Amino acid sequence: MKQEMMTIVSQKQLAPRIFELVLSGQLVQEMKTPGQFLHIKVPRADLLLRRPISLSQINQEKGECTIIYRVEGDGTKVFSEMSPGELLDVMGPLGNGFSYDFLEKDQVAFVIGGGIGIPPMMELSKRLTAQGVKVIHFLGYASKEVMYYQEEFMAQGECRFSTDDGTYGIHGNVGNLLLDAVQEIAPDAVYACGANGMLKMVDQLFPDHPNAYLSLESRMACGMGACYACVKHLQDDETGSKSVKVCDEGPVFPTGKVVL
Ligand code: FAD
Ligand code: FES
């Protein structure tokens with residue numbers, strides 16, 4: 001983990017409140033694993049805590065990385081008002097990302113993303129496809145209006161879409177898509193990132209799968225294992241005293257491990 005003032009190369013609005021930001025800097029050479037995140041300082045003196053945002057794409061040849069974020073509060077609002085050429089204080093890459101290099105050509109991976117849990121799946125999907133893995137994406141959004149990156153994911157493999165209001169894909173959520181899919185396909189690996197309810201469903205569908213992974217969200221402060229702001233309890237702990245830190249032991253965990 002290192003820290004650098006990275007340069008904003010471009011900033012583009014993809015959908016209402018959703019922005020894509022491309023950053024350049026030496027730090028990109030450290031960014032190896034999809035699912036890792038950056039801890040970004042908001043350039044406003046009263047906002048002390050850094051904001052964790054997942055790496056969405058890594059381009060080491062160009063020395064650039066891409067993040068996609070939704071404006072939630074003051075911090076992400078400040079990010080959305082920044083322009084190319086401005087600098088962001090970035091710490092990272094942080095956390096443990098997705099394991100994928102054990103998969104072989106023609107094996108099948110389910111890549112599951114919901115809402116703002118979709119961005120880290122882009123780099124993962126590209127790596128899997130490059131390895132010859134057959135990727136089936138399950139992507140859920142609130143509505144057609146807030147969809148982004150459909151074409152980018154479709155370029156990587158089969159995509160099944162859902163929207164909460166039925167304006168695109170099936171009417172419902174990713175869980176509905178998955179319930180159908182598991183009747184016909186037994187995936188060799190499963191990867192999911194999104195709202196807690198969706199992660200719970202994936203956890204219950206694949207509790208003992210040897211290669212099923214969930215990327216968790218948690219409120220964070222230090223981002224590097226020092227403050228315990230991000231702890232989650234373990235499932236196989238009757239005493240309720242054992243916990244993991246999402247920032248440095250995660251954010252990616254195997255299914256069946258963490259209480260969601
Ligand atoms: P704040 O003013 O801090 O909060 C606004 C609202 O958002 C509040 O209701 C608050 O409860 C809620 N909120 C803030 N942080 C979180 C959080 N970590 N989890 C759940 N709710 C939160 N967001 C993206 O848009 N794109 C990403 O790729 C992305 N990756 C993430 C990766 C990790 C490992 C984690 C932990 C979070 C990630 N997030 C991502 C969430 C992002 O960090 C928060 O949305 C952001 O910090 C909000 O900052 P803010 O100042 O705009 O809002
Ligand atoms: Fe400080 Fe995880 S955010 S320990």
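Predicted model only: the values in this text are computed from it and were never measured. For ligands, and for the atoms within them, numbers begin at 1 and follow the listed sequence. Residue indices begin at 1 and follow the sequence shown.
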Per-atom contacts, ligand 2 versus Gly225 - under 4.0 Å to a heavy atom: 4 (S)
Donor on one side chain, acceptor on other, Gln57 and Tyr149, under 3.5 Å: yes
Within 6.0 angstrom of Phe102 CZ, more than 12 heavy atoms from elsewhere: yes
Atom indices of ligand 2, in the order listed, that fall short of 4.0 Å to a heavy atom of Ala221: 3 (S)
Donor-acceptor pair, side chain of Arg50 and main chain of Asp89, under 3.5 angstrom: yes
Contact check: Cys230 to atom 1 (Fe) of ligand 2, N/O/S below 2.8 Å: no
Tyr213 ring center near Phe98 ring center (under 6.0 Å): no
Nearest neighbour of atom 40 (C) of ligand 1 from the list Pro52, Cys247, Pro251, Gly115, on a heavy-atom basis: Pro52
More than 12 heavy atoms of other groups within 6.0 Å of Glu184 CD: yes
Residue Lys144 excluded, over 12 heavy atoms near NZ under 6.0 Å: no
Cluster check Leu214, Phe37: I/L/V/M/F/W/Y, side chain < 4.5 angstrom: yes
Non-hydrogen atom of Ile67 closer than 4.0 Å to ligand 1: no
Heavy-atom nearest neighbour of atom 19 (N) of ligand 1 within options Arg51, Arg44, Glu217, Glu72: Glu217
Side chain, backbone, both or neither: the part of Ala226 lying under 4.0 Å from ligand 2 by heavy atom: backbone
Cys227 and ligand 2 - part of the residue with a heavy-atom distance under 4.0 Å: both
Interatomic spacing from CD1 in Ile136 to CG in Leu177 - rounded to 0.5 Å: 11.5 Å
Side chain, backbone, both or neither: the part of Ile68 lying under 4.0 Å from ligand 1 by heavy atom: backbone
Atom 4 (S) of ligand 2: the protein heavy-atom neighbour that sits closest, reported with distance to 0.1 Å: Tyr228 N, 3.1 Å
Options Met220, Arg219, Lys77, ranked by nearest heavy atom to atom 8 (C) of ligand 1, top entry: Arg219
Part of Pro120 within contact of ligand 1 (heavy atoms, under 4.0 Å): neither
Under 4.0 Å to a heavy atom of Cys247 - the qualifying atoms of ligand 2, by number: 2 (Fe), 3 (S), 4 (S)
Residue pairs, two or more places apart or on separate chains, that pass salt bridge (Lys or Arg N to Asp or Glu O under 4.0 Å) and touch residues 92-106: none
Any protein heavy atom < 4.0 Å from atom 44 (C) of ligand 1: no
